[in-house]
Amino acid sequence: KVFSKLRHLERLYLDHNNLTRMPGPLPRSLRELHLDHNQISRVPNNALEGLENLTALYLHHNEIQEVGSSMRGLRSLILLDLSYNHLRRVPDGLPSALEQLYMEHNNVYTVPDSYFRGAPKLLYVRLSHNSLTNNGLASNTFNSSSLLELDLSYNQLQKIPPVNTNLENLYLQGNRINEFS
């Protein structure tokens, strides 16, 4: 409980360590949490409870297989980096303030229909180097009016998924695309 006593702590850097689980409890004052380059394998549902001021969460380069609904209560979260893990699914429910979602280099094979509607401010989504197929994507998955950049490169897509006309950058290299509709 060493961190919970630090009531004014805003940034906590625990990256490049040998952590195998999430630290806690953490102070509510926390705005940035860096846990990247560790050996964390899961994020329990209550691990981030009470962190309503957290704006950036860096969990990249870990061994995370499951995130579940642990991100739901993070009302202020703007940036979530889960890249370079072992995730097979996207997190259950994204925070509504989220603007940047990085999930490249995982094993994600499906994204639910209307998944991004819960995050109306989302601007950047990176899902490159995953296992996405057209069968794993509903027709309106990426049809979000807020998205400016979508990286779906190096997956297994055969068709270009429908996207909103506001999109400025679309990355599709390294797929199996064989038709334009």
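The shortest distance between side-chain heavy atoms of Pro112 and Val90 falls below 4.5 Å. Considering only heavy atoms from C-beta on, Arg42 stays 4.5 Å or farther from Arg21 through its side chain. In this structure the side chain of Pro95 reaches within 4.5 angstrom of the side chain of Met71, judged on heavy atoms. Within the 4.5 Å cutoff, side-chain heavy atoms of Pro25 are placed close to those of Lys1. Residues Leu48 and Met22 have side chains in contact (heavy-atom distance under 4.5 Å, counting atoms from C-beta outward).
For the ring-ring contact (aromatic ring centres under 6.0 Å, His included) condition, the pairs that include at least one residue of residues 73-112, sequence neighbours left out, are His61-Tyr84, Tyr84-His105, His105-His129. Screening residues 158-177 for ring-ring contact (aromatic ring centres under 6.0 Å, His included) gives no qualifying pairs among residues at least two apart or on separate chains.
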Q | Candidate pair Ser83 and Glu104, rule side-chain contact (heavy atoms from CB on, under 4.5 Å), full reasoning | A | CA-CA 5 Å; Ser83 56; Glu104 60 262 38; 3.7 Å; yes
Q: Starting from the C-alpha separation in whole Å, work towards a yes-or-no answer on side-chain contact (heavy atoms from CB on, under 4.5 Å) for Leu101 and Phe116.
A: CA-CA 10 Å; Leu101 176 63; Phe116 297 109; 4.0 Å; yes
Q: In sequence, state the C-alpha distance, the side-chain angles, and the governing distance for Asp36 and Asp81, and then conclude on side-chain contact (heavy atoms from CB on, under 4.5 Å).
A: CA-CA 9 Å; Asp36 52 280; Asp81 191 343; over 6 Å; no
Q: Show the numbers, then the answer: is there a side-chain contact (heavy atoms from CB on, under 4.5 Å) between Glu66 and Arg88?
A: CA-CA 8 Å; Glu66 181 65 41; Arg88 292 180 53 77; over 6 Å; no
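Grouping the Ile, Leu, Val, Met, Phe, Trp and Tyr side chains by contacts below 4.5 angstrom, directly or via other members, places Leu123 apart from Leu77. The hydrophobic cluster containing Tyr154 does not contain Tyr124, counting ILVMFWY residues as joined when their side-chain heavy atoms lie under 4.5 angstrom apart, directly or transitively. Clustering ILVMFWY residues whenever any of their side-chain heavy atoms sit less than 4.5 angstrom apart, transitively, puts Leu12 in the very cluster that holds Leu59. Criterion: ILVMFWY side-chain heavy atoms under 4.5 Å apart, direct or through other members. Under it, Leu35 and Leu6 are part of a common hydrophobic cluster. Connection of Leu79 to Leu98 is not established within any shared hydrophobic cluster, with ILVMFWY side chains joined at heavy-atom distances below 4.5 Å, either directly or through further cluster members.
Taken to the nearest 0.5 Å, the CD atom of Glu49 stands 13.5 Å off from the CZ atom of Arg72. To the nearest 0.5 angstrom, Thr55 atom OG1 is 8.0 Å from Arg11 atom CZ. Remark: Leu30 CG to Ser4 OG distance equals 12.0 Å, nearest 0.5 Å. Taking CG of Leu80 as the start and CG of Leu74 as the end, the distance is 8.5 Å to the nearest 0.5 Å. Atom CG in Asn155 sits 5.5 Å away from atom CG in Leu157 (nearest 0.5 Å). Taking CG of Leu170 as the start and CD1 of Ile160 as the end, the distance is 7.0 Å to the nearest 0.5 Å.
In summary, Glu52 and Arg75 engage in a salt bridge, as defined by a charged side-chain N under 4.0 Å from a carboxylate O.
Between Ser29 and Leu9, the shortest heavy-atom contact is OG-O, 2.6 Å. The minimum heavy-atom distance linking Pro27 with Leu51 is given by the pair O-CD2, 3.2 Å. Residues Asn18 and Gln39 share a closest heavy-atom pair of OD1-NE2, 3.5 Å.
For Tyr115, there are no ring-ring contact (aromatic ring centres under 6.0 Å, His included) partners two or more places apart in sequence or in a different chain. In this structure, Arg28 has no salt bridge (Lys or Arg N to Asp or Glu O under 4.0 Å) partners at least two apart in sequence or on a different chain.
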Side-chain donor-acceptor contacts of residues 130-141 below 3.5 Å, not counting sequence neighbours, with atom names and distances?
from, atom 1, to, atom 2, distance (Å)
Asn130, OD1, Asn106, N, 3.3
Asn130, OD1, Asn107, N, 3.3
Asn130, OD1, Val108, N, 2.9
Asn130, ND2, Met103, O, 3.0
Asn130, ND2, Leu127, O, 3.0
Asn130, ND2, Ser128, O, 3.2
Thr133, OG1, Asn135, N, 3.4
Thr133, OG1, Gly136, N, 3.3
Asn134, OD1, Gln158, N, 2.6
Asn134, OD1, Lys159, N, 2.9
Asn134, ND2, Lys159, O, 3.0
Thr141, OG1, Ala138, N, 3.1
Thr141, OG1, Ala138, O, 2.9

Donor-acceptor pairs are to be reported for all side-chain atoms of residues 144-153 against protein atoms at under 3.5 Å, with residues two or more places apart or in another chain.
from, atom 1, to, atom 2, distance (Å)
Ser144, OG, Ser146, OG, 3.3
Ser146, OG, Pro120, O, 3.3
Ser146, OG, Leu122, O, 2.6
Glu149, OE2, Arg126, NE, 3.2
Glu149, OE2, Arg126, NH2, 3.1
Asp151, OD1, Ser153, N, 3.0
Asp151, OD1, Ser153, OG, 2.6

